[in-house]
Structure formats: structure tokens, C-alpha cells
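Beneath this line is the structure, given in C-alpha cells, with notes to follow.
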Amino acid sequence: MGNETSITLDVGSTILDLLTHLDKKLVQNVIAAEVNGEEKDLTYALEDADQLELIDSDSAQGRHILRHSTAHVMAQAVTSLWPGAYFAIGPAIEDGFYYDFFLPDGKHFTEADIERIEAEMRKIIAARQPFLREEYEPQEALCIFSDQPFKTEIIENIASTGSSSGEIAAEIATEAAPNASKVSAYRNSEWFVDLCRGPHVPHTGRLGHFKLLKVAGAYWRGDEKKQQLQRIYGTAFESEKMLNEHLNRLLEAERRDHRKLGLELDLFSFPDEIGSGLAVFHPKGGLVRKIMEDYSRMRHEQEGYQFVYSPHITKGDLFEISGHLNWFGENIFPPMEIDGENKYYLKPMNCPFHILIFRSKQRSYRELPLRLFEFGTVYRYEKSGVIHGLTRVRGMTQDDSHIFCTREQMTGELKSILTFVLDLLREFGLNDFYLELSTRPEGKAVGSDQEWEEATTALHDTANAMNIPLVLDEGGGAFYGPKISVQAKDAIGRTWQMSTVQLDFQLPQRFDISYIGSDNTKHRPVMIHRALFGTVERFFGVLLEHYAGALPTWLSPVQVKILPIRDTHEEYCLQLKELLAAEGIRIEYMQAKEPLGARIRQAKLEKIPYILAVGDEDVASGTVGINLRGVKDPIRAVQKEDFIAKIKEDIQKHWSNPTEGFAIDNPSAVRVEKELS
RNA sequence: GCCGGUGUGGCGCAGUUGGUAGCGCAGGCGAUUUGUAAUCGUCAGGUCGUGGGUUCGAGUCCCUCCACCGGCUCCA
């Protein structure tokens, strides 16, 4: 609440008692409190000199609590519908909560059960059941939960380690008591009690604005070798309004799904006949992709990269030397046998090829940093269940580069790469980033501690200097070195992993590459692996979702569509088309076979940035009527030269939408887009 | 890979308790010549993902495989 006040109460008073002394309006949203920095239920009995912070249901902390409480209600509902169900863990997560269950006797939930469970939950909420906190010695708790194997395991873990932390995942910690000696649980009814650290809302009547979203699978403790459970996801908010806003955001995400857009806009497809996770790009998608790649090539040229090419297959020796067959083997497609002797593999990575280019002759320090760039198509065997549109595929093209430099050049290179990455991503319209530093994967890494330490420090320091938030991803590095990845947030706030920059001391050793230094002796170069788009496919998918399919003009496969009002305007239109084409503008002409409204509609659905409608008045005065994407009303009688100047500016400046240059304050823009969905 | 769901013409969908497939959009053709988000008519298009089984008979029931969707584990 912010303001500090001292209040005197009777001995044994609870927070709830205290609230009754305070202004009703101010405290009606309070669902829990922090006492001396620890979250407590409202039924907590205050002691002398306790410092109290109230937690409102509309705060992040408050939502977390009410979601967690809703998860308990869901578990109770499930237990009442499926007596004997085992429940595992049920934490609040970002935007919602889940609970993992196991139904005995081979039963399982289906999507259809969601409604039944929701209905049962509403009954529990209507009953305004109190959440009663109980504390037990571990032995007692084991008795109470003797028929719940997962809970038993959690309690035993707490009892043996003395705490809920350690090797137990963070989410499990939310289930357990923070102090070692006692185990806390919350009772909602005579027959339903759940192990939990708390706190919870005072009673189930404080809940109700929730929705169950999906049934999914999940492994016990996130370990694929352990039992498979069923997870039910849901979300809950402090009000119906906030809940609906969230559900609308989910719909918006669905509307932006690049798989759907790719089909609607005729950009790419995944024919069954080719195989899972292998895309073909149709002419329009191919054009977008070409523009992306051309732009990238142009920028790489400016940044001092040299272009190389390497084949898609190689003898296994190469990946033996690099260590990929050993460390990355399960992601490599099975080999082709040639002449019974040699095993050839589809390449999963480009780096060894670039190393061989480096090694093809003796190198001098004067050549460094040597920056080799390639749109390298690689193939990775991904488990069938993980494939997802263009963002997770089995055949992908990386905008890959390997930079060979001296130890001394390393930091400078890293810095210029990160600057380059962020610039490039901004040029494609992504503006909101954070960096993630992935460190040594324990048990899955090569190289000495000292090398890892040095590499990690170098990456960390460079990342820190970028003035962008940096988060740590413990153990997420590649087997040969740590990495920084750039996470970009899209237009609706979702984050996508894009670029990666990896520092590598290992492969230069494995391939024994060297350069002659100014001292006339051999030195080992350092290698930096980096991809800016990450992969062209994923980047394409992310851009589609970011722009909801309405690509900026410079990336649009069709930039202008010309519509004559009647076919008598055809001649003028074709002249206009020539004029625009001469400026390198991508344009389509649409004959007057149908009413104008129908053609406008069709062009709008194609998300064309500029639709020109041309009639008698335009022919007479050399003008066009412009329909901007995202704007309902047309702009009439614009001199065609003015239009050309405008669209050229748009293309040159990479406007995210044509409206940017027209000072249009048109709230219908967003509405129109929505109506069409 | 694992758990659950789904798979009907290019796309979106309907197909009652098993009785050999419909609709809308898109497409072809014809008419309509249209000033801002769907003009009218007509025609064509599907061995119902695949392979097997049950049955007199399978889009409907069972099994296999494939693919997709939602997650988990992995990950660019």
C-alpha cells in the first residue's frame, strides 16, 4: 500500500481482523499479505512489531496467489470427478497456472472433460470454501498423503534434504514448506487437502474469473525418463474484464499464426510427400525470402564478410573430427552408405566446412579477422513431436558465419557482431530485445575450465556493454562453447530466440588450425560462430507473426495493386504500371471484371500495402486514389508523381506500415484489420 | 520420442444408431463495366490421410503407419 502506519491491535488478531479496521474500499481487493517480507494468509495471527504489506489481487503477486488457489480448486474438482486421481504439482505460471495429474486404471482426460471440470470448479467456488492452513511433522504428512505417491515423494524429499530446494525444480518448491521442520498443507474440505507452501486466498469465493485452456502431457519433474502425467492448463484473473482481455490476446496470437498466414497468403507449405518439417516456398514466399536474403547479403558485404559456399553432405570423418557425431549425434540424420565404405551425412552445421576453407592455405595474422559467410542449409533430425511450422523444422538455412580472429581481436569482434545483429533486426522492424547468456552444459562439453571461463567472461562483458537486459541461461551453451542469444519481442510481446553468437576455442584445436603471427610463429585463432536471423525459415515465421502477415512495403511480395474502375481506364492503368515498374516497384494489375468493392476486398485480404483505384477523374488529371493498408477511407486525387515519391520513401526507410508516412490518425485502422479476421 | 486430440474436394466446414458423400469460399465458363471490404448464373472438382481388419455393406467400428494440432523433453 506504500504508506507506513502503525496500528495497535488485540493480542492474537489476524490480518483479516486488521482489515476490518481499515477503509473497506481500500482493502476489498486484498487477498494476502507480506509479513516481515514473507507471504502470509490473511488468517495469519500478527505478532508484536510485525511489518505488514498488503497484497492486492490485481498485483503481479496477487494474481500469482489467486492463480495458485485456482489450481487447488481445479485439483479438488478433478479429485471429486475422478476419485483416486493422483495429483502432482500445480503452480502458478506466467499468465496462468497448471496442475499435473495421473488418473489410475488407464483413464485419461480429454479436451471434452474441461467443461465438466470447470463446472465442478464453479460449484466449489460458489461454496466459498475456506483455505485452511495446516502444519504437520513430515511423518504425519506422509500419513495424510499416503495414497498420493507424488506428494509422498515431495515430502520425503523435503524431509531428507531439509529443504524444498536442491535438485527439486523451482516449481515444486511452491508446493512445499519453506522451513524444514514442518510441512504445510491447505485443506478445502474434509476430504480434500493439498500439500502447499501458500499463501492462498481466504476462501474460494474470492476466485471465479478463470478458464481452463488445454489438456497436455508432461513428465513428472520434467524428466522424460519419468512417468508421463497429464497437465491441465488454465488461467485466472482478478476480474472478468482482465480475463477477457487475456483471452482476446490469445485469439490475437492465433490470428497471427504464421502457419495459417503462410497458407492464406500463399507463401509456403509443407507437403506430406516431402516429409515432416521440410518446407517449400511458393513464389510469393520465395520473393519475400529473396528480399530478406539479398538485404542480408548487402549488409554482410558492408560489414566486411566474405561469401563462401559448402556442400550439403559430407563424409563422416569431418563430423568425427569436429565432435558433432559424438556430441550432436542424435540430431544428425542417419548416414548414406556409398560404395560400402564411406558414410556420408547430411550436414547439421556449417562450421567444419568453413574451418576447412580457413585451413586450405597458410594464414597470416594480416588476414584476420577472417569473416566467412554463407546461407548454409543444414538438416537436423528433430524429434517428431517438436516440429512446428517454420520455427522448428528439419531442413533450414542459417545466415551463418564463422569469424577467425586473434585472442586480442575477440572482444572487438564480439562487440561489432552484437551491434550488427541489433542493427539488422531493427532494420527488419524488431525493436525490443534482451540477451541471454548460455553457459557450459555440464557433462556435455569439451574443453578446459579455464577456456570456458575466459570465453564466458568475454561474452558476458560484451553483452553487458550493450545496454540491453541480460539474463543467464545456466548450462545452455553448445558443447564447444558458451553463447549469447538475442531474444526479440514481437508486436504482441512474445519473445523469440533469433540470433546466436558463440565463442569457440575447441574446434580450432580439433582441426589444428593456425595462423602465422607477426612474431613469425604459429598461433591458434579463436572462432566465433554467429547467425543473425538464426535461420531464414524461423526469421520469416517470426516476421509474419510480428506483422500479422502485413509485411512492410519493402518486404511485401506485391507492393501495389492497381484497380481500374472500368476497363476503359485500362490504358492509363497500364501506363501507371510501367511507370511504377520502372522504379522497381512490385505491382499487380486487376482487371475490372468485378465490382470495385469486391476487388478492394480481395486486395485488402491479400494485405497489399497500397491499393490504387483509378477512374475518370484520375485519368483526366493524372492522379490516383490510394487505399492504404489498415485504413478504411481512401485518399483521393493524389498526383501520381507524389504517390511514387511516397512509396519510394516508404521502401527506402523500411516503414512498418504505409500509414507511417501519411500522418493518418485513424482509429479504424486496427478495427478494420480485426473485422477481417 | 512421450501423453492427448485431429485428418472429408485448393481452403473452411457438414455428414444422424454403419446403407457407397454435401455446403460455403476459391477455381473454369458466361453475363455484368462497376469510385471503395463479397454482382448474378452455370460448370467442374473428393477411391473421405495410408495400409489392413470386422461386416452382406465402413467417411462412420477396430488395428498399423503417416501427417498435423496442443503440451512435455529437446531446440535455430
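Lettering follows sequence order; numbering is per chain, from 1.
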Would you say the ring centroid of A:Tyr345 lies under 6.0 angstrom from that of A:His324? no
Base, sugar-phosphate, or nothing: which does A:Gly597 touch, judged by heavy atoms less than 4.0 Å apart? sugar-phosphate
How is A:Arg259 classified with respect to the nucleic acid when contacts are heavy atoms under 4.0 Å: base, sugar-phosphate, or nothing? sugar-phosphate
Which is true for A:Glu264 with a 4.0 Å heavy-atom rule: it touches a base, it touches only sugar-phosphate, or it touches nothing? nothing
By the 4.0 Å heavy-atom rule, please label A:Ala592 as base, sugar-phosphate, or nothing. base
Selection from B:rU73, B:rU39, B:rU36 that lies nearest to any side-chain heavy atom of A:Glu224: B:rU73
Per A:Arg538 side chain, nearest of listed nucleotides B:rU32, B:rC75, B:rA67: B:rC75
Kindly point out which of B:rC11, B:rG35, B:rG5 is positioned nearest to the side chain of A:Glu617? B:rG35
Can you tell me how far P of B:rC69 sits from CG of A:Leu213, to the nearest Å? 19 Å
Base paired to B:rU34 (Watson-Crick or G-U; both N/O distances under 3.5 angstrom): none
Would you mind telling me which of B:rA67, B:rU34, B:rC74 lies closest to the side-chain atoms of A:Leu596? B:rU34
Please classify the nucleic acid contact of A:Lys225 as base, sugar-phosphate, or nothing, using heavy-atom distances under 4.0 Å. nothing
Gap between atoms CD and P, on A:Gln398 and B:rC75 respectively (whole Å): 15 Å
With a 3.5 angstrom cut-off on both distances, give the Watson-Crick or G-U wobble partner of B:rA21, or none if there isn't one. none
Could you tell me whether A:Gly395 contacts a base, only the sugar-phosphate backbone, or nothing, with contacts defined as non-hydrogen atoms closer than 4.0 Å? nothing
Students often get this wrong, so: under 4.0 angstrom with heavy atoms, is A:Val378 touching a base, only sugar-phosphate, or nothing? nothing
Which part of the nucleic acid, if any, lies within contact of A:Gln602, taking any heavy atom under 4.0 Å across all strands shown: a base, the sugar-phosphate backbone alone, or nothing? nothing
Pair A:Ser269, A:His282: side-chain N/O donor-acceptor within cut-off below 3.5 Å: yes
Using a 4.0 Å heavy-atom cut-off, does A:Asn331 contact any base of the nucleic acid, only the sugar-phosphate backbone, or nothing at all? nothing
Could you give the NZ-to-P distance, from A:Lys226 to B:rC3, as a whole number of Å? 18 Å
Counting any heavy atom closer than 4.0 Å, what does A:Tyr233 reach on the DNA or RNA strands: base, sugar-phosphate only, or nothing? sugar-phosphate
